[in-house]
Amino acid sequence: MMIYIVIISVIAVFFILIRFYLLKLELKRVTRQLNQLNNKVISKKIDLTFYDKDLENLAKNINDQIDLTNEAIFEKLRTENEMKQAIANISHDIRTPMTSIIGYIQFLESDDIGPEKRIKYQENIKNGALRLKVLLDEFFELSTIESADYPLKRENIKLNKLLVDVLIGFYDDFNKAQIEPSILIPEDEIYISGDSSAVKRVIENLISNTIKHSSGNVTIQLVKNSSSVQLNIMNPAKELKEQDLPLLFDRFYKVDQTRTKRSTGLGLFIAKSLMLKMNGNLSAELKGEQLLMKCEWKSLFQNNSHTV
């Protein structure tokens, strides 16, 4: 009987030693894989040939960390590529008016130009400088909006009054573009919560974009729903395709890339960024050949309203 106990004990010890040996080999194998991964010899996740519950948990945690690292690397590369593209776009957009300004200044240095041409060149320099100012303002605004500590204050905003004030400021622009907007605003007061300067900037960017790219008259409508307030801006956009919609709010995106003088492609991106920071939403959809920009905020007060 004693012999059997000794034999069983020896087998148990032998089994434990073999298992310990295999675990040690597997740990060495995992270590080797990690070293190869760190030295970029391999890019695959950790795999096991000997299965143990604790070892499996270790491998799973390591593989989860590998996933997080790969995501961080991908995001870093994406951000770097966006930054390179942004710098290229900024350089191109700034170079155009700057080249124009320098050229006209050189013309003005000539003694052979008459007073009419001198006035014309001075006007062109002024327009180029104003264009440059708009570009620099938008690029500066872009950098501040994307910072984590961008200041936004919460206040109760009477949206219908703010919308009317903004529209009055675009009166001359609508006339120059020969656009007579159809404006539908409820009589009752409509309140939202947000930063008034940010909300004003959003509306200005949307209307400016509409005037620049509309091929006909536009409709501007403020709608009060049960729990939200919606600003709808609709205009003809025959050149726009369904595949363009997801890209409209990207940095520097232009449906027609040849129209560099008319737009930086930042207006809609800035508007979208501001809306998200205010917990609102800005979206676009095509209804036939009409582009609908839909700006939505949560409503503050519930009251009946009607449109006139």
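Every heavy atom of this structure was used, including side-chain atoms; hydrogens, water molecules and symmetry mates were not. Numbers for residues simply follow the sequence, beginning at 1.
- You'll find the side chain of V229 stays beyond 4.5 Å of the side chain of V223, heavy atoms only.
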Practice prompt. Evaluate side-chain contact (heavy atoms from CB on, under 4.5 Å) for L159 paired with Y191, printing each intermediate quantity in order.
Written response: CA-CA 6 Å; L159 187 58; Y191 286 89; over 6 Å; no
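- Taking CD1 of I233 as the start and CG of L222 as the end, the distance is 10.0 Å to the nearest 0.5 Å.
- Here the two rings, on F249 and F269, have centers that are 6.0 Å apart or farther.
- With a 4.5 Å cut-off on side-chain heavy atoms, M278 and L152 count as touching.
- Just one of L58, I62, D64, N63 meets the side chain to side chain contact (heavy atoms under 4.5 Å, CB included) condition when paired with K60; it is D64.
- Under a 4.0 Å N-O distance rule, the pair K126/E123 does not qualify as a salt bridge.
- A side-chain N or O of R201 and one of N205 form a donor-acceptor pair less than 3.5 Å apart.
- Between D195 and K200 there is no salt bridge, since none of the side-chain N atoms of the basic residue sits less than 4.0 Å from a carboxylate O of the acidic one.
- Considering only residues two or more places apart in sequence or on other chains, S193 meets the side chain to side chain contact (heavy atoms under 4.5 Å, CB included) condition with R154, L300.
- By the 4.5 Å heavy-atom criterion applied to side chains, F170 and P181 are not counted as neighbours.
- Of the charged side-chain nitrogens involved, at least one lies within less than 4.0 Å of a carboxylate oxygen, so that E75 and R78 count as a salt-bridged pair.
- Using a 4.5 Å cut-off on side-chain heavy atoms (C-beta onward), C295 and Q230 make no contact.
- Two residues are said to be in side-chain contact when any heavy atoms from C-beta on lie closer than 4.5 Å; N281 and W297 fail this criterion.
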